[in-house]
Amino acid sequence: LPNGISMRLMHRSFSTVPLRIKAIPLTAIDLKDTRFCISYGHRLTALTDSITKVGILTPPLIRKRSPTTYHIVCGFRRVQALQTLRVSSVVPCRIVSARLTARECLLLSLYDNLSHRELNPIEKSLVVNKLKDYYDDDTIIRQFLPLLKLHPHLSQLILITPLSGLKREIKDALLEGTISEHTASSLSRLDREGRNALTRLLITLSLSMSSQAEVIEHSLEILSLIHI
């Protein structure tokens, strides 16, 4: 972990604050509360197969929200997989202290994910947008973009930020390699009708990245002329 703040957070959270492992009813875990979720675009098939064979190897990390409910800090997909399998009404969970702030829980989620995988572009966008609730752009650029293996520059922040807010069709096309990050980000600048029409065109034609850039550029030029 490259910055001191994060190192202190991880030490405080996992060393000085004991994590209790407890069997929690699935019905008590609120999957609609996604404030710390940074996962997108992953199928559950491999995970459900693993759980079926060997069970939950790493219990989800949760925090108590009320006397009877919890929200997930890390492990959304594990809980979703258990719900899909319907093999148990409870799930073993690690429970973090209620004293941890929402900002600290978000960082725990981020570092937990980064410890075992690289995030895809949509997930990086999710992270950036959630970090904006707690940090200014300069801090995100300096401290977090390098952590996400992104160039620490304002232009990179501008490029990545809108991706997670696009409709699923565009996000999936990006992850499938049908459109580029620059194309997806440029589509966010169009109104809904123009964005939908251009998305269908780009996906249907399967254009090269350079051709996509040309189509986007010409489309934006035409729209600017229309609105003069």
Side-chain angles (χ1 to χ4, degrees), residues 1 6 9-10 13-15 17-98 100 102 104-130 147-149 163-179 184 203:
L1 302 179
S6 305
L9 168 64
M10 297 298 283
S13 302
F14 289 108
S15 299
V17 181
L19 294 180
R20 296 182 294 117
I21 296 182
K22 183 179 179 181
I24 302 296
L26 278 171
T27 54
I29 301 175
D30 186 4
L31 276 169
K32 294 181 180 179
D33 187 338
T34 60
R35 73 185 79 177
F36 308 126
C37 179
I38 59 173
S39 295
Y40 181 86
H42 302 282
R43 295 181 180 179
L44 293 177
T45 306
L47 186 54
T48 54
D49 288 346
S50 173
I51 291 174
T52 299
K53 293 175 182 176
V54 298
I56 294 286
L57 297 179
T58 305
L61 194 64
I62 64 175
R63 185 176 68 164
K64 200 161 193 174
R65 191 180 64 181
S66 75
T68 58
T69 62
Y70 298 82
H71 53 207
I72 302 170
V73 177
C74 312
F76 278 84
R77 293 175 60 244
R78 278 163 273 173
V79 177
Q80 288 175 331
L82 281 172
Q83 281 194 334
T84 300
L85 289 170
R86 297 181 180 179
V87 294
S88 176
S89 60
V90 298
V91 53
C93 294
R94 297 169 293 166
I95 304 175
V96 301
S97 170
L100 289 181
E104 290 172 329
C105 287
L106 175 60
L107 292 180
L108 285 177
S109 175
L110 172 60
Y111 290 120
D112 178 79
N113 278 275
L114 290 177
S115 69
H116 63 271
R117 68 187 183 91
E118 183 174 350
L119 306 186
N120 65 46
I122 303 302
E123 293 171 329
K124 293 177 182 181
S125 178
L126 280 169
V127 169
V128 164
N129 281 286
K130 291 176 187 291
L147 196 63
L148 298 172
K149 298 185 178 180
L163 300 183
S164 59
L166 294 169
K167 63 184 295 187
R168 177 175 289 274
E169 181 183 17
I170 301 174
K171 292 188 287 189
D172 290 348
L174 170 59
L175 295 186
E176 292 166 2
T178 306
I179 62 174
I203 292 176

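For the numbers below, each heavy atom of this structure counts, side chains included, while hydrogens, waters and symmetry mates do not. The shown structure was predicted, so the numbers you read here are calculated from the model rather than taken from an experiment.
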**Prompt:** So, for Asp112 and Arg78, which heavy atoms are closest and what is the spacing to 0.1 Å?
**Reply:** OD2-NH2, 4.0 Å
**Request:** Taking the side chain as every heavy atom from C-beta outward, state whether Asp33 and Thr69 have any atom pair closer than 4.5 Å.
**Result:** no
**Prompt:** Would Glu123 and Arg117 pass as an ion pair if we require N to O under 4.0 Å?
**Reply:** yes
**Request:** Begin from the C-alpha positions of Arg94 and Thr58 and carry the test side-chain contact (heavy atoms from CB on, under 4.5 Å) through to its verdict.
**Result:** CA-CA 9 Å; Arg94 297 169 293 166; Thr58 305; 3.8 Å; yes
**Request:** Determine the sole option in Ile72, Leu85, Leu44 for which the side chain to side chain contact (heavy atoms under 4.5 Å, CB included) test with Gln80 is passed.
**Result:** Leu44
**Item:** Gap separating the CZ atom of Phe36 from the CG atom of Leu126, nearest 0.5 angstrom
**Value:** 14.0 Å
**Asked** Which pair of heavy atoms, one from Pro92 and one from Pro59, lies closest together, and at what distance?
**Response** O-CB, 3.2 Å
**Request:** Could you grab the distance from atom OG1 of Thr178 to atom CD of Glu169, nearest 0.5 Å is fine?
**Result:** 10.0 Å
**Heavy-atom pair with the smallest gap, counting every atom of Ser88 and Leu26** = O-CD1, 3.3 Å
**Message:** Rounded to the nearest 0.5 Å, what separates atom CZ in Phe76 from atom CG in Leu61?
**Reply:** 10.5 Å
**Message:** Using only atom types and a distance under 3.5 Å, with no angle test, would you say the side chain of Asn120 pairs donor to acceptor with the backbone of Tyr40?
**Reply:** yes
**Message:** As an exercise, state the distance from SG of Cys37 to CZ of Arg77, rounded to the nearest 0.5 Å.
**Reply:** 10.0 Å
**Request:** Start with the C-alpha gap between Tyr111 and Leu147, add the side-chain angles, then the distance that decides, and say whether side-chain contact (heavy atoms from CB on, under 4.5 Å) holds.
**Result:** CA-CA 9 Å; Tyr111 290 120; Leu147 196 63; 3.2 Å; yes
**Item:** Donor-acceptor contact below 3.5 Å, side chain Ser164 vs main chain Ile122
**Value:** no
**Request:** Working to the nearest 0.5 Å, report the span between CD1 of Ile24 and OG of Ser89.
**Result:** 11.5 Å
**Request:** Please test Leu110 against Leu119 for side-chain contact (heavy atoms from CB on, under 4.5 Å), starting from the C-alpha separation and ending with a verdict.
**Result:** CA-CA 10 Å; Leu110 172 60; Leu119 306 186; 4.3 Å; yes
**Request:** Identify the heavy atoms of Leu108 and Cys74 that sit nearest to each other, and give their distance.
**Result:** O-SG, 3.7 Å
**Message:** Would Val96 and Glu104 count as a side-chain contact (heavy atoms from CB on, under 4.5 Å) here? Give the steps.
**Reply:** CA-CA 11 Å; Val96 301; Glu104 290 172 329; over 6 Å; no
**Rounded distance (nearest 0.5 Å) linking atom OG of Ser125 with atom CD1 of Ile38** = 12.0 Å
**Request:** Would you name the heavy atoms of Leu174 and Ala184 that are closest together and state the gap between them?
**Result:** CD2-CB, 4.3 Å
**Item:** Closest approach of Ile95 to Tyr70 (non-hydrogen atoms, all atoms of both residues)
**Value:** CD1-CE2, 4.2 Å
**Prompt:** Considering only heavy atoms from C-beta outward, does the side chain of Asn113 approach that of Val127 to under 4.5 Å?
**Reply:** no
